[in-house]
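Notes for the one structure printed next.
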2 protein chains.
Amino acid sequence: MSVEERASAGRGRGRPSADSGFDARAAILSAARRHFADAGFAHSTLRAIARDAGVDASLINHHFGDKRSLLVATLDLPVDPSQRLAEALAGPDHELGVRVVRTFVTTWDEHPEVFATVARTALSGDARTSPVLDVIRDVVVSRLRERLGVPEASLGPALAASQLLGLGLLRYVVRLEPLASAPLEEVVALHGPTVQRSLTSP
Amino acid sequence: MSVEERASAGRGRGRPSADSGFDARAAILSAARRHFADAGFAHSTLRAIARDAGVDASLINHHFGDKRSLLVATLDLPVDPSQRLAEALAGPDHELGVRVVRTFVTTWDEHPEVFATVARTALSGDARTSPVLDVIRDVVVSRLRERLGVPEASLGPALAASQLLGLGLLRYVVRLEPLASAPLEEVVALHGPTVQRSLTSP
């Protein structure tokens, strides 16, 4: 289910929006954007976001799930990279890189303009405070690290993220040939084991 | 010798600037920027650039060397990535990835702000017509391809370029830890063989 589908499903069956004209989901998103921008992802708490939005903290869980999913939801993407990544991480270790690259390319081949817009917006402002870069750090890199059970100082997950970012930029933003038009399976076959190497090398 | 050092050396001993107040070097750069922007790197000729600048074509060679070096000079960088890459490409095949990554990190660790400015400028405008992306395509990727003797359709050189771009963005623009502060040799040890894999896999 996409972020938008989940959102409208949430709106449809949620008790709070049936009770009043108050849009709890919109209030949470707006408070979350402020908190993530002002305090950063790590220092924002669901409790403080809920208080700011004037809702019970359980409503955040109801509408969005955990804090990472809330962060992704603030970006208004047509897909939830956090959920897709979680799916790619399930499965045997030796094919982790292949699954991650296949998921990345499958996801963004469907929405190349979204990737381009988000990447360019993130990199044209103050890149170090962009919520997109919170997603790289606090969703992609930290999920990879947890999955691999490696310490924070480990370079592998960050290098794997850099490989996905570089691939996305050349395929969707710069559209460098032959990378832009290469078939999915060709990219996966060549880049998958390379990303695997970053993830599982000692 | 840096681009600027070569430029001032060129200005000092060049016959043309001694003959008149006309700055041939500046006229060539200005004409080159117009041609690369309007026609793209591949369709710009040194002959047409020289004609537009009102100089003899041999003067371009005198001041800048070949067309790739002229392109790099139009970017006004403190280093010449084309020359550094050529140095990294000399040497045995099996350490190509390690040499390329070491050269990349050594070069930009000295000038992280320049990398950040150039990358962000390139990606915030129309990425597909930016001269920086001509450099990726017509200097980095095409030099790698020539060195490896692989056809244009080969994905390896483009994937290697994407790995360098992704690394540079996370290390110098986003400054994602632990990648931003990792010692040069640690990055080279982990990323070098990964880039090598993109370059030399069948």
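Here is the naming used below: chain letters follow the sequence lines, and residue numbers restart at 1 for every chain.
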Exercise for review: For A/Gln163 and A/Ser198, run side-chain contact (heavy atoms from CB on, under 4.5 Å): C-alpha distance rounded to whole Å, both residues' side-chain angles, the deciding distance at 0.1 Å, then the answer.
Suggested key: CA-CA 9 Å; A/Gln163 290 172 312; A/Ser198 294; 3.0 Å; yes

Please classify the contact of [X] with chain A as side chain, backbone, both or neither, using a heavy-atom distance under 4.5 Å.
X        : value
B/Glu186 : both
B/Leu155 : both
B/Val141 : side chain

Practice item. Kindly determine whether B/Ser162 and A/His191 satisfy side-chain contact (heavy atoms from CB on, under 4.5 Å), including the steps that lead there. Key: CA-CA 10 Å; B/Ser162 83; A/His191 212 46; 4.2 Å; yes

Point to revise | Interface residues of residues 86-112 of chain B facing chain A - heavy atom cut-off under 4.5 Å | key: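 So far as heavy atoms go, nothing in residues 86-112 of chain B approaches chain A to under 4.5 Å.
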
Exercise for review: Among the options A/Pro193, A/Pro157, A/Ser181, A/Ala182, pick out the one with the most heavy-atom pairs lying under 4.5 Å from chain B.
Suggested key: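 Winner by heavy-atom pair count: A/Pro193.
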
**Study point:** Contact summary for B/Ile49 and B/Ile28, nearest pair of heavy atoms
**Key:** CG2-O, 4.0 Å

Check your understanding: Counting only heavy atoms not in B/Glu185, do more than 12 sit closer than 6.0 Å to its CD atom?
Key ->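 Above 12, so yes.
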
Using heavy-atom distances under 4.5 Å, tell me whether [X] contacts chain B through its side chain, its backbone, both, or neither.
X        : result
A/Ala116 : neither
A/Leu167 : both
A/Leu169 : side chain

Practice item. Just give me the residue among B/Leu179, B/Leu159, B/Leu165 that pairs up with chain A most often, heavy atom to heavy atom, under 4.5 Å. Key: B/Leu159

Check your understanding: Going through the checks in order, is the side-chain contact (heavy atoms from CB on, under 4.5 Å) test met by A/Leu70 and A/Leu29?
Key -> CA-CA 8 Å; A/Leu70 176 60; A/Leu29 279 178; 4.2 Å; yes

